[in-house]
Amino acid sequence: MAESFGGDAVRYDRARPDYPDALVRRIVDAAPGEDVLDVGCGTGIAARQFRAAGCRVLGVEPDGRMAELARRSGLAVEVARFEEWEPGGRLFDAVVAGQAWHWVDATAGAARAAQVLRPGGLFAPFWNVPQLPPEVAKALAAACRRVLPDLPFDVGAALARPTGEAYRGVLGRVTDGLAAAGGFGAPEEWRHDWERTYSRQAWLDQLPTFGPLTRLPADRLAEVLTQVGAAVGDTVDVRYTTVAVLAVRTV
């Protein structure tokens, strides 16, 4: 699933939301310099925000299709899984990962981040966690149960969890990986609540970029969009919590 998003990279770049400016500014202000490594940079959504904030950004992305789209916006991207990527002695002031670190081995990834960070550099993986309106969440869960009966997790249960709990396990794995790898100070968790209103079309356009749906055949994807679309009005108000783990590379 981690390498399925490039099947429609243009849609992913168009439909996925960016990240709060407050998060980008916090990372930039806390880092000792402007060299940023973006792990799992995808199409460059976060990388472009850091570049706009004055940073020099290098992306590492396992999916060549996503990397190619990021390069079209002028970003430098190397195609590799982060655990296998060769830094060649390069060092960075921040290692960030937007919506991607859960695909990385927590301990091996933290060890590689420690290797490429300058002393005082900042490690900062982060995620946008959506909370859908109840009627939309129910329709999406029902559609997934019908077209994806073999999913190894309960979509309905996942969508029903409060945003503060939805990524608790992911954040725990990040902090455990940091502790196992060593080389970092005590991690700090950060969160920011915000909301976005989507048009009906914009919201349905984003659905095929969700992990469980990226590999569906066109006819089954159309079933999901039809069922969810019936539950959506002219607009959809989606509440987000952006969560992050911030840890400083010790000397």
Side-chain angles (χ1 to χ4, degrees), residues 2 16-42 45-50 53 55 57 59-60 82-83 92-132 137 153 157-196 210-211 238-251:
R16 285 292 186 107
D18 53 12
Y19 301 93
D21 290 338
L23 173 65
V24 174
R25 178 47 52 194
R26 180 162 187 169
I27 293 171
V28 170
D29 288 347
E34 299 172 344
D35 292 317
V36 173
L37 181 68
D38 185 1
V39 177
C41 71
I45 293 172
R48 292 192 296 267
Q49 291 184 258
F50 281 96
C55 297
V57 185
V60 176
F82 183 57
E83 301 94 322
F92 299 86
D93 299 299
V95 172
V96 304
Q99 222 75 22
W101 195 258
H102 53 289
W103 302 117
V104 177
D105 179 273
T107 301
R112 179 55 56 90
Q115 176 190 356
V116 301
L117 276 170
R118 295 186 175 98
L122 189 67
F123 172 64
F126 47 85
W127 294 263
N128 285 332
V129 187
Q131 185 81 51
L132 304 182
F153 60 91
L159 292 173
R161 282 181 296 188
T163 54
E165 299 176 10
Y167 268 59
R168 180 53 48 196
V170 172
L171 299 181
R173 287 192 292 276
V174 174
T175 56
D176 288 347
L178 289 169
F184 289 94
E188 172 190 354
E189 292 187 11
W190 183 93
R191 61 178 290 160
H192 179 76
D193 296 316
W194 54 285
E195 186 171 309
R196 175 168 294 181
F210 288 6
V238 180
R239 288 181 292 140
Y240 286 92
T241 297
T242 300
V243 296
V245 176
L246 310 175
V248 175
R249 176 72 168 97
T250 53
V251 178

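Throughout, residue positions are numbered sequentially from 1 according to the sequence presented.
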Quick one: list whatever passes side-chain contact (heavy atoms from CB on, under 4.5 Å) with P32, sequence neighbours left out. D93
Please report whether the ring centroid of W190 lies less than 6.0 Å from that of F126. no
Please list, chain by chain and in numerical order, all residues satisfying side-chain contact (heavy atoms from CB on, under 4.5 Å) with D21, sequence neighbours excluded. Q49
Indicate the atoms forming the closest heavy-atom contact of D18 with N128, along with that distance. O-ND2, 2.9 Å
List the atom of P130, the atom of V238, and the distance in Å for their closest heavy-atom pair. CB-CG1, 3.9 Å
For H192, the side-chain hydrogen bond (donor to acceptor under 3.5 Å, both in side chains) test, sequence neighbours excluded, returns none
Donor-acceptor pairs under 3.5 angstrom involving side-chain atoms of residues 107-114: please list them, not counting sequence neighbours.
unit_1	atom_1	unit_2	atom_2	d
R112	NE	Q115	OE1	2.9
R112	NH1	W85	O	2.2

Given side chain to side chain contact (heavy atoms under 4.5 Å, CB included), test D105 with F82 step by step and report yes or no. CA-CA 9 Å; D105 179 273; F82 183 57; over 6 Å; no
Taking ring-ring contact (aromatic ring centres under 6.0 Å, His included) as the criterion, tell me which of W127, Y167, W194 meets it with Y240. W194
Among residues at least two apart in sequence or on other chains, which ones pass ring pair (Phe, Tyr, Trp, His ring centres under 6.0 Å) with F92? none
Heavy-atom check, side chain of L246 versus side chain of R26, under 4.5 Å: yes
Those residues that, when tested against E83, pass salt bridge (Lys or Arg N to Asp or Glu O under 4.0 Å) (two or more places apart): none
Using the test salt bridge (Lys or Arg N to Asp or Glu O under 4.0 Å), find all partners of R173 that sit at least two apart in sequence or belong to another chain. none
Taking all non-hydrogen atoms of both residues, which atom of D38 and which atom of G98 are closest, and how far apart? OD1-N, 4.2 Å
Report the distance from atom NE2 of H102 to atom CG of L171, rounding to the nearest 0.5 Å. 11.5 Å
Residues in salt bridge (Lys or Arg N to Asp or Glu O under 4.0 Å) contact with R25, at least two apart in sequence or another chain: D29
Mind checking what makes side-chain contact (heavy atoms from CB on, under 4.5 Å) contact with T175, not counting sequence neighbours? P187, V245
Closest approach of A247 and L178, non-hydrogen atoms and distance? CB-CD1, 3.9 Å
Not counting sequence neighbours, which residues clear ring pair (Phe, Tyr, Trp, His ring centres under 6.0 Å) with F50? List them please. none
Counterpart residues, salt bridge (Lys or Arg N to Asp or Glu O under 4.0 Å), relative to D35 (two or more places apart): R56, R118
Heavy atoms only: give me the nearest C41-G59 pair and the separation to one decimal. SG-CA, 3.8 Å
Restricting to side-chain contact (heavy atoms from CB on, under 4.5 Å), what partner residues turn up for D176, sequence neighbours left out? none
